[in-house]
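Worksheet: one structure, shown below.
All values derive from a computational prediction rather than experimental measurement. The analysis underlying the following values was restricted to heavy atoms, covering all of them including side chains, and did not include hydrogens, waters or symmetry mates.
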Amino acid sequence: MNYTSFEKFKAFDISTLLKTLVKESSKPTVKIFLTDNIRLQGIILAISEKDMMGLSVCFHNSRTNSVAYFQAAQIITIEILYPHRLSVVLSNGEIPRSINEEETISQLQLKRWIKDQIERLVVKNENLTVYLPEVELSDTDRLNIRDVVGIMVEVINATSSDKLGEEAWCKILSVYLKHSTKKIEVIRADNNITLGIEYKKALEKGFAIQLENALLEKL
């Protein structure tokens with residue numbers, strides 16, 4: 001992991017960082033330094049704010065295979081091992097994909113994949129074409145655009161389950177993808193849709209619902 005990646009990491013207070021780490025599906029390994037020179041290494045199992053003492057932590061100590069309980073106020077430092085695996089979270093989405101992901105996709109592969117997805121749509125619209133942004137795309141850009149198109153295909157299938165939805169989508173001839181610093185930008189001109197997305201950052205939670213609502217407004 002290079003220094004330029006570290007530059008995009010954000011500062012977190014202890015409570016916020018604990019709440020962020022405990023939500024991760026693959027629990028990250030961390031070192032926690034407590035008062036009285038106590039050090040623990042393992043994973044955060046759970047946190048709670050039920051009592052007046054503040055944030056309580058349940059922690060699995062991998063070195064002794066035991067479970068420790070303590071207050072967040074006792075924590076001096078949290079050291080995250082293998083931070084590249086949490087680069088999306090630790091950068092607040094400015095790094096759009098985990099740095100250790102070695103997956104790549106070429107421009108041609110992406111175009112072929114999109115064509116295949118369109119052909120598999122529930123709505124049989126042979127005239128529908130998806131156009132990539134007319135700018136140079138990085139590997140990460142292309143991977144994120146693939147994610148967006150995959151979600152768009154799911155939205156089209158979900159919203160064309162009845163006759164009205166099917167008729168609406170059959171009228172669309174093209175979808176032009178472009179970069180936008182706004183969350184989602186949808187512009188319709190006749191039977192063409194321009195979809196502006198922030199594909200240089202990680203997709204926000206709830207992106208699928210936002211995209212569905214934005215597209216439905218233009219159908």
Side-chain angles (χ1 to χ4, degrees), residues 1-106 109-110 113 137-148 150-151 154 183 197-211:
M1 187 170 179
N2 56 43
Y3 177 71
T4 56
S5 300
F6 280 120
E7 281 185 322
K8 294 183 179 180
F9 282 11
K10 307 301 179 185
F12 295 87
D13 60 72
I14 293 294
S15 296
T16 301
L17 185 56
L18 287 171
K19 292 173 184 177
T20 300
L21 295 177
V22 79
K23 291 178 183 177
E24 290 297 302
S25 54
S26 55
K27 301 294 186 183
T29 302
V30 299
K31 288 182 181 179
I32 289 186
F33 298 80
L34 302 175
T35 54
D36 298 327
N37 202 29
I38 297 173
R39 290 185 294 175
L40 304 171
Q41 179 173 319
I43 60 174
I44 302 164
L45 297 175
I47 58 175
S48 173
E49 286 184 289
K50 292 181 180 179
D51 56 44
M52 299 297 292
M53 296 291 291
L55 198 64
S56 303
V57 182
C58 176
F59 189 86
H60 176 253
N61 189 347
S62 59
R63 290 180 173 174
T64 58
N65 197 27
S66 60
V67 175
Y69 297 86
F70 48 88
Q71 302 300 127
Q74 296 175 259
I75 300 175
I76 300 172
T77 302
I78 298 178
E79 180 181 342
I80 300 173
L81 305 185
Y82 318 112
H84 56 282
R85 298 176 183 173
L86 293 172
S87 51
V88 176
V89 172
L90 297 179
S91 68
N92 276 341
E94 285 194 22
I95 299 175
R97 306 182 81 87
S98 296
I99 293 170
N100 65 321
E101 289 186 7
E102 298 178 354
E103 185 181 12
T104 60
I105 186 169
S106 68
Q109 287 173 324
L110 179 57
W113 182 86
L137 300 171
S138 68
D139 282 337
T140 301
D141 293 342
R142 290 192 291 269
L143 287 168
N144 285 342
I145 288 172
R146 186 186 65 178
D147 291 344
V148 169
I151 293 171
E154 292 177 4
K183 289 185 177 180
I197 48 173
E198 175 53 284
Y199 56 75
K200 293 187 176 295
K201 294 184 179 180
L203 300 181
E204 295 183 356
K205 291 182 180 179
F207 177 84
I209 295 175
Q210 294 172 21
L211 180 59

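- Residue pairs that meet the side-chain hydrogen bond (donor to acceptor under 3.5 Å, both in side chains) test with at least one member in residues 33-47, sequence neighbours left out, are Gln41-Arg63.
- The side-chain hydrogen bond (donor to acceptor under 3.5 Å, both in side chains) check on Gln109 picks up Ser106, with sequence neighbours excluded.
- Shown here is Phe33, whose CZ atom has more than 12 heavy atoms of other residues, nucleotides or ligands within 6.0 Å.
- Scanning all heavy atoms of the two residues, the minimum distance from Ile32 to Phe70 falls at CD1-CZ, 4.0 Å.
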- Can Leu143 and Leu110 be said to form a side-chain contact (heavy atoms from CB on, under 4.5 Å), step by step? CA-CA 8 Å; Leu143 287 168; Leu110 179 57; over 6 Å; no
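- Closest of all the heavy-atom pairs between Ile43 and Phe59 is O-CD1, 3.4 Å.
- Counting all heavy atoms, side chain and backbone alike, Tyr69 lies closest to Cys58 at CE2-SG, 3.6 Å.
- With sequence neighbours left out, the side chain to side chain contact (heavy atoms under 4.5 Å, CB included) criterion links Val89 to Thr20, Glu24.
- Side-chain atoms of Glu79 do not come within 3.5 Å of backbone N or O of Leu81 as any donor-acceptor pair.
- Residues passing the salt bridge (charged side-chain N to carboxylate O under 4.0 Å, His left out) test with Lys10, sequence neighbours excluded: Glu94.
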- Apply side-chain contact (heavy atoms from CB on, under 4.5 Å) to the pair Thr64 and Asn61, showing each step before the final yes or no. CA-CA 6 Å; Thr64 58; Asn61 189 347; 3.4 Å; yes
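- Residue Tyr199 comes nearest to Asn144 through the heavy atom pair O-ND2, 2.9 Å, listed as atom of the first residue, atom of the second, then distance.
- Partners of Thr77 under the side-chain hydrogen bond (donor to acceptor under 3.5 Å, both in side chains) rule, at least two apart in sequence or in another chain, do not exist in this structure.
- Evaluation of the side chain to side chain contact (heavy atoms under 4.5 Å, CB included) rule for Ile209 yields Asn213 as partners, not counting sequence neighbours.
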- Stepwise, does the side-chain contact (heavy atoms from CB on, under 4.5 Å) test hold for Gln71 with Leu55? CA-CA 6 Å; Gln71 302 300 127; Leu55 198 64; 5.9 Å; no
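- To the nearest 0.5 Å, atom CZ of residue Phe9 and atom CG of residue Leu86 are 8.0 Å apart.
- Lys19 meets the salt bridge (charged side-chain N to carboxylate O under 4.0 Å, His left out) test with Glu49; sequence neighbours excluded.
- Looking only at distances, a side-chain donor or acceptor of Lys27 sits under 3.5 Å from a matching main-chain atom of Val22.
- Counting only distance, with no hydrogens or angles, the side chain of Asp141 and the backbone of Ser138 share a donor-acceptor pair below 3.5 Å.
- Arg142 and Ile105 make their closest contact through NE-O, 2.6 Å (heavy atoms, listed as atom of the first residue, atom of the second, distance).
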- Message: Test side-chain contact (heavy atoms from CB on, under 4.5 Å) on Leu90 and Leu17; report intermediate values, then the result.
- Response: CA-CA 9 Å; Leu90 297 179; Leu17 185 56; 4.3 Å; yes
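- Shortest non-hydrogen contact noted between Leu18 and Ile44 is CD2-CD1, 3.5 Å.
- Taking the side chain to side chain contact (heavy atoms under 4.5 Å, CB included) definition, one finds that Gln210 meets it with Lys183, Ile184, Glu204, sequence neighbours left out.
- Under the side-chain hydrogen bond (donor to acceptor under 3.5 Å, both in side chains) criterion, Thr29 pairs with no residue at all, not counting sequence neighbours.
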